[in-house]
Structure formats: structure tokens, C-alpha cells
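Just so it is clear: chains get the letters A, B, ... in the order the sequence lines come, proteins before strands, and each one is counted from 1.
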2 protein chains.
Amino acid sequence: MKLKDDRKYALIFRAALKLVAKKGLSGITMGDISKEAGIATGTLYVYFSGKDELINALFAACRERSVAVSFKGYNPQQPFKPAFKNVWLNILKYRLQHFEEVIFLEQCYHSPYITAETREKAQQLAAPFYALIARGQAEQLLKNIDSAMLITFIIGAMNELVKQIHYSGIALTRPKINTSFELCWDALKA
Amino acid sequence: MKLKDDRKYALIFRAALKLVAKKGLSGITMGDISKEAGIATGTLYVYFSGKDELINALFAACRERSVAVSFKGYNPQQPFKPAFKNVWLNILKYRLQHFEEVIFLEQCYHSPYITAETREKAQQLAAPFYALIARGQAEQLLKNIDSAMLITFIIGAMNELVKQIHYSGIALTRPKINTSFELCWDALKA
DNA sequence: AATATAAGCGAATAATTATTCACTAAAAAG
DNA sequence: CTTTTTAGTGAATAATTATTCGCTTATATT
């Protein structure tokens with residue numbers, strides 16, 4: 001194992017996410033995390049200066065991954081609606097597969113753990129989404145409303161959808177996915 | 001002051017809500033709450049057996065108030081769309097005016113503080129919403145999708161809308177409210 | 001008014017939890 | 001192979017925080 005192993009960061013993150021999803025941000029201790037990760041408590045302090053840094057780092061990592069995956073396969077040549085649907089599907093799939101991250105991010109939203117700096121950086125990651133919405137509006141396909149409002153609408157509905165699916169345990173079939181997308185699209189379309 | 005004063009419960013709840021909205025559920029202590037409420041820490045234990053009970057009670061109270069206010073002025077005689085809009089507006093207004101409750105409830109969603117029993121009771125409060133959606137579907141005005149999915153969609157979008165408005169600090173004008181409602185309605189309508 | 005009961009207090013105590021540190025094990029450098 | 005540096009350990013310590021309790025003050029009861 002050379003230098004601080006990337007796999008160990010991943011191990012710690014995975015443990016923390018699992019626990020937060022189960023017990024909430026308020027319910028986890030450094031001891032819990034180390035135990036879940038199968039390492040000694042002291043080792044956490046080799047990788048992070050403390051609990052605050054650990055959580056901020058995890059928050060930043062989740063946000064980055066979430067955005068990175070959203071635009072996979074995005075092609076500006078493609079007509080808007082299918083291109084948008086592609087992004088929407090990327091987000092939906094990712095969030096369903098990484099449900100713990102959804103919970104974690106939600107819990108962080110009003111947590112004192114997350115510093116203003118971390119928040120600021122996370123905010124900047126949203127730029128591509130604004131660009132996408134702007135394109136749809138320029139092509140007169142989307143309602144001409146404050147784009148922040150449209151985005152929060154999309155994301156809010158999506159998050160609840162993800163939660164609903166996750167907890168209901170109902171399998172998400174192709175037709176159901178399409179129906180859900182149309183629900184969203186009907187709201188946004190001009 | 002006779003018996004345990006209702007006003008004192010309200011005082012404690014208000015203090016707790018304010019703090020949770022500012023610092024998150026993970027960031028508050030019994031000491032913080034008592035200080036914010038202007039009472040001694042020990043007094044909290046006159047009203048609640050401990051932190052768990054306090055938070056469960058607050059959760060239950062928020063849920064109840066939130067539902068109670070939603071159907072104010074609801075009249076089954078009224079045509080569906082305006083009746084639905086009335087409910088939608090009730091919820092929007094209440095959540096904007098009691099933003100701390102929105103945050104608190106969100107934070108509680110995955111918190112170990114909230115017991116299964118409390119959760120169960122909260123769930124039952126949603127019955128009137130299901131009935132309302134069912135009516136809209138029976139009148140063929142709403143999409144014929146799993147009503148749980150429609151409700152989570154409405155609530156998810158509404159919550160993010162409330163957050164967006166709250167943080168952007170933008171005044172919510174009549175036309176903006178109407179536009180937002182149409183956004184929601186367009187999504188739901190058959 | 002005298003007594004009993006309940007509310008309120010906050011310093012002291014008990015738990016819990018973050019963090020440190022002296023030490024061991026492993027890896028890299030020479 | 002020896003030395004140096006880095007990773008890992010977990011019991012011990014330091015902070016933090018929930019909860020208790022002996023006491024005071026207020027309210028109700030007789």
C-alpha cells in the first residue's frame with residue numbers, strides 16, 4: 001500500500017454513507033464509522049483532521065460524482081428533449097443506485113458541519129444544469145421562468161420520486177420511468 | 001401559571017425549531033435549546049423525559065399543524081382545480097411562513113430520534129391528501145398514476161420551491177405564485 | 001394563612017464521543 | 001539488509017453533552 005490509499009478513502013466514505021443513511025447525520029460517531037469500515041478509530045485521523053473535515057470531504061465528493069455522472073452521453077447535437085431526458089435519466093439512475101448519497105446530501109443541507117466554503121464550491125457545480133435549462137428556454141421548448149426555480153422544481157420532484165421508489169420497494173419498470181419523465185416534462189414544457 | 005403551561009411547550013418548540021433550522025438536527029444540544037428558550041436546562045426535563053421525547057413531540061406537532069392548515073377553506077362542492085389550488089396555496093403559504101418546520105421535518109426524515117411509532121402516526125395524517133388526489137383522478141382531471149407518486153411529486157417540488165424562495169430572498173408576487181402553481185398543475189393534469 | 005403540590009433552577013454527575021499518543025507493523029529509501 | 005518514513009492501532013484522555021437532584025420559588029388546596 002503506497003501513500004494514503006485511495007481505496008481507504010473510499011472505504012471510509014462508504015462506511016460513513018451507509019451509517020448516515022441508516023441513522024442520520026446526528027446519529028453517527030467516529031467510532032461507528034471506523035467500526036463499520038473495519039479500521040481503528042485512530043486511523044480515521046490519519047486520513048482526516050477530524051470529523052468536520054471527513055464530512056466536508058464526503059459532501060464534496062458526493063456532489064462532484066453526482067454532477068459528473070449527469071452529463072454522461074450528453075451530445076449538444078441531439079435535439080433538446082431526448083438530450084434532456086438523457087440527463088434526467090442519468091440523474092435518476094444514479095440517485096436510485098446511490099440512495100445513501102441522496103440522504104447524506106439532504107442531511108448536510110442544514111448541517112453546521114458543512115462550511116460556507118464547501119457549500120460555495122458545491123453551488124458552482126450546478127453551472128452545467130443552468131446552461132442546459134437556458135438552452136431549452138432559448139429553443140422555446142421550456143417555460144420562460146427563472147431558471148433556478150425550474151431546476152429546483154426538477155430536482156425536488158426527482159428527489160421525492162427517488163425516495164418514494166426506494167421506500168415503496170416497487171420495481172421501476174421502463175413504462176413507469178417514462179411516465180415519471182413525462183410528468184416532469186409536462187411541468188417544464190412551454 | 002397552572003399546570004404545565006401550553007405556552008411553555010410552544011416556547012421550547014420555537015427555540016428548538018429555530019436552532020435546528022440554523023444548525024441542523026445534529027448541531028443542537030439540550031443546553032442550546034434551554035438557553036434559546038430562556039429557561040433552565042433542568043426545566044426541559046419537567047416537560048419532556050429527555051431529548052428523544054422532545055424531538056418526537058416536536059415532530060408530531062409540526063406534522064399535525066402542517067396537515068391541519070392544508071384543508072382550511074376546502075369545500076368539496078367547489079370544482080376540483082380551484083379546490084386543489086386552494087390546498088396547494090395553503091401548504092405553500094404555511095411552509096413559507098414556517099420555514100424552520102420544513103427544515104426540521106426534512107432533517108427528521110432519516111434521524112434515529114424519530115421512533116417507528118411516531119413515523120407511523122405521521123404517515124396516517126396523509127390520508128386526506130390521498131383522498132383529494134383520488135377525487136381528481138375519479139374526475140379524470142389528474143393523470144392516472146400511483147397516487148403516492150403524484151403526492152411525492154407535488155410535495156417534493158413544493159419543498160424545493162419553498163427553499164428556493166426562502167434562500168433567494170425574492171419576494172413572491174401573485175403572478176409568480178400562479179406560474180408556480182401552473183407548473184405543478186401541468187405536471188399532474190391528465 | 002398554612003400546607004401541599006407543582007414548576008423552575010443550575011451546578012454536579014454520568015455518559016457519550018472526539019481526539020490524542022505511545023507504540024507496532026509495514027513500506028520505501030539508502 | 002539497515003534505516004527512515006509512513007500507515008495503522010486502540011487504550012487513555014479531553015471535551016462535550018445529557019441527565020439528575022437538592023434546592024428555591026410559585027401556584028393551588030385546605
Side-chain angles (χ1 to χ4, degrees), chain A residues 1-59 61 104 107-108 110-115 118, chain B residues 1-59 61 104 107-108 110-115 118:
Chain A
M1 226 181 280
K2 52 185 155 84
L3 282 171
K4 288 188 215 164
D5 195 333
D6 269 4
R7 279 171 304 173
K8 193 139 281 183
Y9 279 104
L11 197 72
I12 294 169
F13 282 166
R14 220 175 308 132
L17 281 172
K18 184 174 171 188
L19 290 173
V20 172
K22 207 193 305 180
K23 316 171 86 183
L25 197 49
S26 54
I28 55 163
T29 68
M30 293 299 264
D32 290 340
I33 296 172
S34 65
K35 206 172 130 197
E36 175 71 35
I39 61 179
T41 310
T43 306
L44 289 177
Y45 290 85
V46 173
Y47 287 83
F48 302 98
S49 71
K51 196 180 181 183
D52 286 25
E53 193 181 284
L54 192 162
I55 290 178
N56 274 273
L58 179 54
F59 179 81
F104 173 73
Q107 294 267 320
C108 284
H110 289 86
S111 161
Y113 285 122
I114 308 302
T115 65
T118 303
Chain B
M1 225 180 282
K2 51 182 154 82
L3 282 172
K4 287 188 218 166
D5 194 334
D6 269 3
R7 279 171 305 172
K8 193 138 283 183
Y9 280 103
L11 197 71
I12 294 169
F13 282 166
R14 221 175 308 131
L17 281 173
K18 184 173 170 187
L19 290 172
V20 172
K22 206 193 306 182
K23 314 171 87 181
L25 197 50
S26 54
I28 56 163
T29 69
M30 294 298 264
D32 290 340
I33 296 172
S34 66
K35 206 173 127 196
E36 175 72 34
I39 61 179
T41 309
T43 306
L44 288 177
Y45 290 84
V46 173
Y47 288 82
F48 303 98
S49 70
K51 194 178 181 183
D52 286 25
E53 193 181 283
L54 191 161
I55 290 178
N56 273 272
L58 179 53
F59 179 82
F104 173 73
Q107 294 266 320
C108 284
H110 289 86
S111 162
Y113 285 121
I114 308 303
T115 66
T118 304

Just to be sure I understand the rule, does A:T43 reach a base, reach only the sugar-phosphate, or reach nothing, if contact means heavy atoms closer than 4.0 Å?
base
Once you round it to whole Å, what is the distance between P of C:dT20 and NZ of A:K51?
15 Å
Between D:dA18, D:dG10, C:dA7, which nucleotide has the shortest distance from any of its atoms to the side chain of B:V46?
C:dA7
Would you be so kind as to tabulate the donor-acceptor pairs closer than 3.5 Å made by side chains of residues 12-22 of chain A, with sequence neighbours excluded?
unit_1, atom_1, unit_2, atom_2, d
A:K18, NZ, A:E36, OE2, 3.2

Least distance between heavy atoms, B:S34 atom then B:T41 atom:
OG-OG1, 3.2 Å
Would you kindly give the CE-to-P distance between B:M30 and D:dT19, to the nearest whole Å?
6 Å
Please list, for nucleotides 21-23 of chain C, all pairs of protein and nucleotide N/O atoms separated by less than 3.5 Å.
none

Taking only distance into account, with no hydrogens and no angle test, what donor-acceptor pairs under 3.5 Å do side-chain atoms of residues 49-58 of chain B form with protein atoms, sequence neighbours excluded?
unit_1, atom_1, unit_2, atom_2, d
B:S49, OG, B:E53, OE1, 3.0
B:K51, NZ, B:I28, O, 2.9
B:K51, NZ, B:Y113, OH, 3.1
B:E53, OE2, B:S49, N, 3.3
B:N56, OD1, B:T115, N, 3.1
B:N56, OD1, B:T118, OG1, 2.6
B:N56, ND2, B:D52, O, 2.9
B:N56, ND2, B:Y113, O, 2.7

Determine the minimum heavy-atom distance between B:S26 and A:S111, stating which atoms define it.
OG-OG, 4.0 Å
For A:I39, answer base if it contacts any base atom (sugar-phosphate contacts may also be present), sugar-phosphate if it contacts only those atoms, and nothing otherwise; contact means non-hydrogen atoms under 4.0 Å.
sugar-phosphate
How far does CG of B:L11 sit from OH of B:Y47, to the nearest 0.5 angstrom?
9.0 Å
How is B:L54 classified with respect to the nucleic acid when contacts are heavy atoms under 4.0 Å: base, sugar-phosphate, or nothing?
nothing
Which is it for A:K8 and A:V46 under the side chain to side chain contact (heavy atoms under 4.5 Å, CB included) test, yes or no, and what are the steps along the way?
CA-CA 11 Å; A:K8 193 139 281 183; A:V46 173; over 6 Å; no
In whole Å, I'd like the distance from the CD1 atom of A:I12 to the P atom of D:dA7.
12 Å
Looking only at heavy atoms, what is the nearest atom pair of A:D32 and A:K23, with distance?
OD2-NZ, 3.9 Å
Just compare D:dG8, C:dA18, D:dT19 and give me whichever is closest to any side-chain atom of B:T41.
D:dT19
Scan B:I33 against the nucleic acid and name what it touches under 4.0 Å (heavy atoms): base, sugar-phosphate only, or nothing.
nothing
Which one, C:dA18, D:dG8, D:dT9, comes nearest to the side chain of A:Y47?
D:dG8
What is the distance, rounded to the nearest whole Å, between atom NZ of B:K8 and atom C1' of D:dT25?
12 Å
Closer to the 5' end of DNA chain C via nearest nucleotide, is it A:S49 or A:G27?
A:G27
B:D32 atom CG is separated from D:dA18 atom C1', nearest whole Å, by 12 Å
Can you tell me how far C1' of C:dA18 sits from CD of A:E53, to the nearest Å?
15 Å
Atom NZ of A:K35 to atom P of C:dT16: distance rounded to whole Å?
14 Å
Could you state the CG-P distance from B:L11 to C:dC9, rounded to the nearest angstrom?
10 Å
